[in-house]
Amino acid sequence: MQKNLRKRDLYLNRIIAFQDTEMVKVMTGIRRCGKSSLMKLMAEHLRDTGVTDEQIIEMNFESMSIPDMDARGFYEYVKARICPGKRTYLFFDEVQKVHGWENAVNSFRVDFDCDIYITGSNAYLLSSELSTYLSGRYVEIKVLPLSFQEFLEFHGYTLTERKSPAGGIRKKIADAEGETYDVRELFDAYARFGGMPMLADIGLEIDRVTAALDGVYSAAVINDILEREKRKGQRNITDPVLLRKIILFLADNIGNNTSATSIGNTLVNEGLLENGTRKTKPAVQTIQAYIEALVEAYIFYEIKRFDVKGKEYLRTLGKYYIVDIGLRNYLLGYRDGDSGHILENIIYFELLRRGYDVAIGKIDNQEVDFIATRAEEKKYIQVTESMNAPETRERELAPLRKIRDSYEKIVIALECDFTQTQDGIKMIRALDFLLG
């Protein structure tokens, strides 16, 4: 029985924009972030607009209802079900499980009047032969866990706004029973439990959340890293203990400058490898290979440094952010503190959702948290927990003042008693930004 699907219009509209084009629509993202539901929403959209069931073929390769098959079997299975005389819509979930699937997908595109949608939980899907076969003929829709706004909708909260007698806008949130909540209270729940969509079905009770996130972690690490590496047969991620230590290190250091060398040194200096089988410090290339596997599985995202004056990307010291802050808390324990980096992590993914390319800015010996670019638009963004103390204000504004171009400069703060513009730099409350 299919449960009611919750709408995710941001992504659905991106997919609909490419409907009935020759582009293969490829939805990528970490396990359980909602890719399969999006495929179902798209199929539902087609049925609502007059496409018949005979014109839709849906195959989820994680389901035992789909027989094991190679590329030839896959091709013949679909060919036998193509709707004669009408366009057929093909939906393939976790298609990378079929060896040689790229050949079959390319053949469908060439041989039939069809519109193709596929999902995958590993970037290897795109770096593999798919790019060769479909060069310029696929579009990637990058799916992320829920934004704060989606989190509220999925968990049954309604946001209302009203004008305050003192001026400005007041936001109120109510649940289905009409009980009202402070926006900050619900943001704290989001920053604690994260935005994995299935949490809306089980509720925000810590034991249930932990069990659900354990499932996400296991699926992403075991299926999409350890198992895939065996299938790929190139570099092998052979040490699950080292892999977990690197995951814990990166999760603990979101928003910090990080390199493979610094990870290796920390693991050795803090004795973090002593309870594993490895007795020597892992090679930098080994650590780099493990990090790349984590990035390919969409667990961590790397952000590069950009020299604002030199106008070039730097090769040194990028940063990593974790795809879901609930996953970080599951890994490290639900502890207090580090809220500045957690906020930074949340803002980084919000910028990605909104279609920005994001880099870290370097200006002289100072840093701008994010340079966000989209088409002709550019924003320089600082993120901080509070802008209320004069010394914090000065620290956050200083790098932005040094930038001489006319693009927008913003400070996003969780706590900000005044939101006027200073030296041409806007100050925005984080909750207003996330719900804007």
Side-chain angles (χ1 to χ4, degrees), residues 11-12 14-29 31 35-47 49-143 223-224 227-234 296-298:
Y11 299 107
L12 188 58
R14 284 178 191 170
I15 299 165
I16 291 169
F18 290 96
Q19 181 188 328
D20 294 321
T21 65
E22 73 153 344
M23 308 290 269
V24 175
K25 278 62 74 179
V26 185
M27 282 153 266
T28 58
R31 292 259 165 179
K35 301 183 298 296
S36 303
S37 296
L38 268 172
M39 293 255 264
K40 288 177 184 141
L41 283 167
M42 185 61 199
E44 205 174 78
H45 164 76
L46 291 172
R47 290 184 180 99
T49 52
V51 175
T52 64
D53 282 341
E54 292 72 38
Q55 289 173 262
I56 297 173
I57 299 173
E58 296 177 89
M59 299 175 74
N60 182 347
F61 290 97
E62 299 221 296
S63 166
M64 291 188 78
S65 65
I66 301 291
D68 286 341
M69 54 181 79
D70 59 9
R72 169 55 61 187
F74 180 24
Y75 179 82
E76 295 299 340
Y77 183 95
V78 171
K79 182 181 177 184
R81 290 161 176 79
I82 287 287
C83 187
K86 289 183 178 176
R87 173 160 294 165
T88 306
Y89 294 84
L90 308 179
F91 292 90
F92 305 131
D93 207 352
E94 299 298 343
V95 70
Q96 74 274 2
K97 288 186 171 286
V98 178
H99 185 68
W101 62 272
E102 305 96 332
N103 289 315
V105 166
N106 194 43
S107 295
F108 300 149
R109 199 181 56 75
V110 171
D111 296 350
F112 308 127
D113 178 11
C114 63
D115 194 19
I116 305 172
Y117 302 81
I118 65 179
T119 74
S121 303
N122 203 290
Y124 180 59
L125 184 83
L126 293 177
S127 61
S128 68
E129 293 170 34
L130 178 67
S131 340
T132 314
Y133 282 110
L134 298 177
S135 180
R137 294 195 185 91
Y138 72 85
V139 59
E140 183 185 7
I141 290 104
K142 299 171 182 176
V143 184
N223 296 353
D224 294 324
E227 288 303 318
R228 176 195 61 109
E229 290 292 335
K230 286 180 197 166
R231 287 198 303 275
K232 206 165 99 178
Q234 293 173 17
E296 283 188 353
Y298 304 106

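Quick note: residue numbers are just sequence positions, from 1.
Contact annotation: the side chain of L41 never approaches that of Y11 to less than 4.5 Å [non-hydrogen atoms, C-beta and beyond]. Between F108 and L90 the shortest side-chain heavy-atom distance falls below 4.5 Å. Contact check for M27 versus M39: side-chain heavy atoms found under the 4.5 Å cut-off. Using a 4.5 Å heavy-atom threshold, the side chains of M59 and R81 count as separate. Side-chain contact check for Q19 versus L46: some heavy-atom pair is nearer than 4.5 Å.
Between the side chain of T119 and the main chain of D93, no donor-acceptor pair closer than 3.5 Å is present. Checking side-chain atoms of K35 against main-chain N and O of V143 turns up no donor-acceptor pair under 3.5 Å.
The 12-atom threshold is not exceeded at NE2 of H99, counting heavy atoms of other residues, nucleotides or ligands nearer than 6.0 Å. Dense packing is recorded around CG of D20, with more than 12 heavy atoms of other residues, nucleotides or ligands lying under 6.0 Å away.
To the nearest 0.5 Å, atoms CG (N60) and OG (S65) are separated by 7.5 Å. Taking CZ of R109 as the reference point, atom CE of M23 lies at 10.5 Å (rounded to 0.5 Å).
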In sequence, state the C-alpha distance, the side-chain angles, and the governing distance for V78 and F92, and then conclude on side chain to side chain contact (heavy atoms under 4.5 Å, CB included).
CA-CA 11 Å; V78 171; F92 305 131; 4.0 Å; yes
Hey, mind stepping through T88 and F112 against side chain to side chain contact (heavy atoms under 4.5 Å, CB included) and telling me if it holds?
CA-CA 8 Å; T88 306; F112 308 127; over 6 Å; no
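D70 and Y75 form no side-chain donor-acceptor contact under 3.5 Å, judged by distance and modelled atom types alone.
E44 and K40 are not joined by a salt bridge, as no carboxylate oxygen comes within less than 4.0 angstrom of a charged side-chain nitrogen. A salt bridge links D115 and K25; the closest N-O separation between the charged side-chain nitrogens and carboxylate oxygens is under 4.0 Å. Ion pair D53/R47 flagged as a salt bridge, since at least one NZ, NE, NH1 or NH2 atom sits closer than 4.0 Å to an Asp/Glu carboxylate oxygen.
Partner of S121 under the side chain to side chain donor-acceptor pair (under 3.5 Å) criterion, out of E94, Q96, E296: E94 alone.
Separation of the Y138 and F18 ring centroids does not fall under the 6.0 Å cut-off.
In this pair, Y117 and F91 present their aromatic rings parallel. The plane angle is below 30°, not in the 30 to 60° band.
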